[in-house]
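What follows is one structure encoded as C-alpha cells, with my remarks underneath.
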Amino acid sequence: MPRPSPGRTVGGVSAAAARPGVLWFRRDLRLHDHPALVAAAAGGPVLPLFVLDPLLWGPSGDVRRAWLVRSLEHLDASLGGRLVVRHGDPVEVVPRVAAELEAAAVHVTADAGVYGRHRDAAVEAALAAAPGAVPFVRSSTPYAVAPGTLKNGSGSPFQVFSPFQRAWLREGWPAPAPRPRTRWVESVASEGLPPAPDLGGVELPEPGERAALRRWEAFREELLPAYAGARDRPDKPGTSALSVHLKYGEVHPRTLLAGLADVPGEGAERFRSELCWRDFYADVLWNRPDSAWHPLKPEAEVPSDTGHLADERYAAWAEGRTGFPIVDAGMRQLLREGWVHNRVRMVVASFLVKDLHLPWQRGARHFLHHLRDGDPASNNQGWQWVAGTGTDAAPYFRVFNPVTQGKEHDPQGDYVRRYVPELRGVAGKAVHEPWLLPGGVPEGYPERIVDHAAERQEALARYARLRG
DNA sequence: TGTAGGTTCTG
DNA sequence: AGAACCTAC
C-alpha cells in the first residue's frame, strides 16, 4: 500500500494523499465533519455509500436499527434518492464496490474505530489486497477527538476522567468541516434500504441531520443557560436529547463544540464536559475492547445472584413493576420511547445492581436492545461506573435511594405520573411512596419487590466481604 | 453523578 | 423543627 505523501494537512490527514473516493460509513451518517472524508473531498468529490453490516443487522426488535433505517431514508431523500446502499459483510462488499469504480491507487485512511476496530482492520487488509481498487475512506462513529489518541504523561491511556478532560481541553479538536462535493457514479448500483423493523408501539422523534440541527439550535437558545441545574430534572425538558443524533452521525460533536465556543457560563461548560465524557468512554473502550462485557477492574466485581428468583426480579425490573415509582417510570419510559433521562438511567441501574444484586451486563444488554441511542461505549462503561468495576467508577458504597432520588429530581411527581398510569390519582411528591398512602398502594400498582434498606445493607456487606 | 445517622447551628 | 454540616460506609 503506498504511503501518503507529505503535504498540507487537513484534519490530521495528508491532503496530498487524498483522491476521489468511496465513503464507507457504518454509523456516521454525517458526511462533512470527518477528517478522513475532508481529506478525500479535498482531492475530488465523494461517493456516498452505505454498507449494511450484518453485525448491525441482527435479529429483529432493536430500536437502534429502526432509527438507522429511518435516518438513512432521510439521508437518501436529501441526496435526491442517490444514496448507494449495499448489503453484506464490509470485508467482502467494500472491495467489490471499489472494483466497480475507475481504478486508482488504494488508499486506506485509518481513523480510530470503536469496538469494531479489529473488524475494521480486516476491511483494510481486504482492500489493500484488492488490485486496482479506488481510494477508500473509512468512517466510524464521530467523536471530537478520535478514540485511542490521547495519552497521559507516561504514554498510557487515561484511567480517570478529570485528567482526560484536562488533556482534551488542552489539545483541542479540529473545526467542523465543510460539506464535500458529491460524486454520482451511475455504474454503481444500489440495493436499496430494507424496511424499518416493526417498532412495536415505540414512538421515535424525527431522525436526520435537519432535525438534529433544529434540536441543537433550540437547545442552545432555550435550555443551555440553565443546563447545569436543569439536566437532572427528568420531569422537565432540560437535556439536549441529542444523544441519538450524535450516535448516528446526524450531527457531529465538533459542530456542537464550535457552537459552544463563544457561549459563556456554567451551562455551556457543563454541556462541553458531557461531550467529553462521551469521548472518554469511547477512548476507554477503544483501549480495552473487552470491557464492553467484562469488568474493567475484575477485582472490584461483587458476586451477583442467579436462579429463578433472580430471573423473576430481573423481569420485574425490565417491565417496570418493581413497586418503586421512579424505577418503574424509567423502565416504562424506555419501552415506550426508546430513551430514558440520564438521571433515571443511573437510578434504575443502581437498583438492578445494588438492590436486586444482578449483574450489570443484564441491564446493559436490555438497555442496548431498547435504547435508540444505545452505544456500546457510553452505555456499557456507564453500567460499569454504576457497578463500581469501571474506570473512574463510583465508590462501592454509593447506593441510590429510589425514594430520595425521586423526591429530589422529580419533586412534584410529574415524571412518575407520566409513565405510571396506576399512580395518576396520587398528587404531588407522595407518588414516590405509594405504600404510605392512607388507602394503601393504589389498585393495579405492585407492592415493592424488595426492602431497599435491607438490600442496601446486603450490597454493602457483599462489598465488605470482597475487600476482605 | 449517594446515603444514613449523627452533631451543631438557627429561628 | 429543620437546615447545615460532618463522616463512615
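Below, chain A is the first sequence line, B the second, and so on; all start at residue 1.
- Under the ring-ring contact (aromatic ring centres under 6.0 Å, His included) criterion, the residue pairs touching residues 387-412 of chain A are A:Tyr396-A:Tyr463, with sequence neighbours excluded.
- Separating the OH atom of A:Tyr463 from the C1' atom of C:dC9 is a distance of 12 Å, rounded to the nearest angstrom.
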Using a cutoff of under 3.5 Å, can you pull out all pairs of nitrogen or oxygen atoms linking the protein to nucleotides 3-5 of chain C, with atom names and distances?
none

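- Applying the side chain to side chain contact (heavy atoms under 4.5 Å, CB included) rule to A:Pro421 yields the partners A:Arg332, A:Arg424; only residues at least two apart in sequence or on another chain are considered.
- The ring-ring contact (aromatic ring centres under 6.0 Å, His included) analysis of residues 211-234 of chain A, with sequence neighbours excluded, yields the pairs A:Trp216-A:Phe271, A:Phe219-A:Tyr227, A:Phe219-A:Phe271, A:Tyr227-A:Phe271.
- Scanning for side chain to side chain contact (heavy atoms under 4.5 Å, CB included) contacts around A:Arg233 gives A:Asp235, A:Lys236, A:Pro411, A:Gln412, with sequence neighbours left out.
- Within the structure, side chain to side chain donor-acceptor pair (under 3.5 Å) pairs that include any residue of residues 386-395 of chain A comprise A:Gln384-A:Thr389 (at least two apart or interchain).
- When DNA chain B is scanned in the 5' to 3' direction for atoms under 4.0 Å from non-hydrogen atoms of chain A, the outermost contacting nucleotides are B:dT1 to B:dA4.
- Residue pairs meeting the side chain to side chain donor-acceptor pair (under 3.5 Å) criterion with at least one partner in residues 440-450 of chain A, sequence neighbours excluded, are A:Asp328-A:Tyr445.
- Side chains of A:His357 and A:Glu455: a donor on one and an acceptor on the other come within 3.5 Å.
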Donor-acceptor pairs under 3.5 Å, side chain of residues 294-302 of chain A to any protein atom, not counting sequence neighbours: which ones?
none

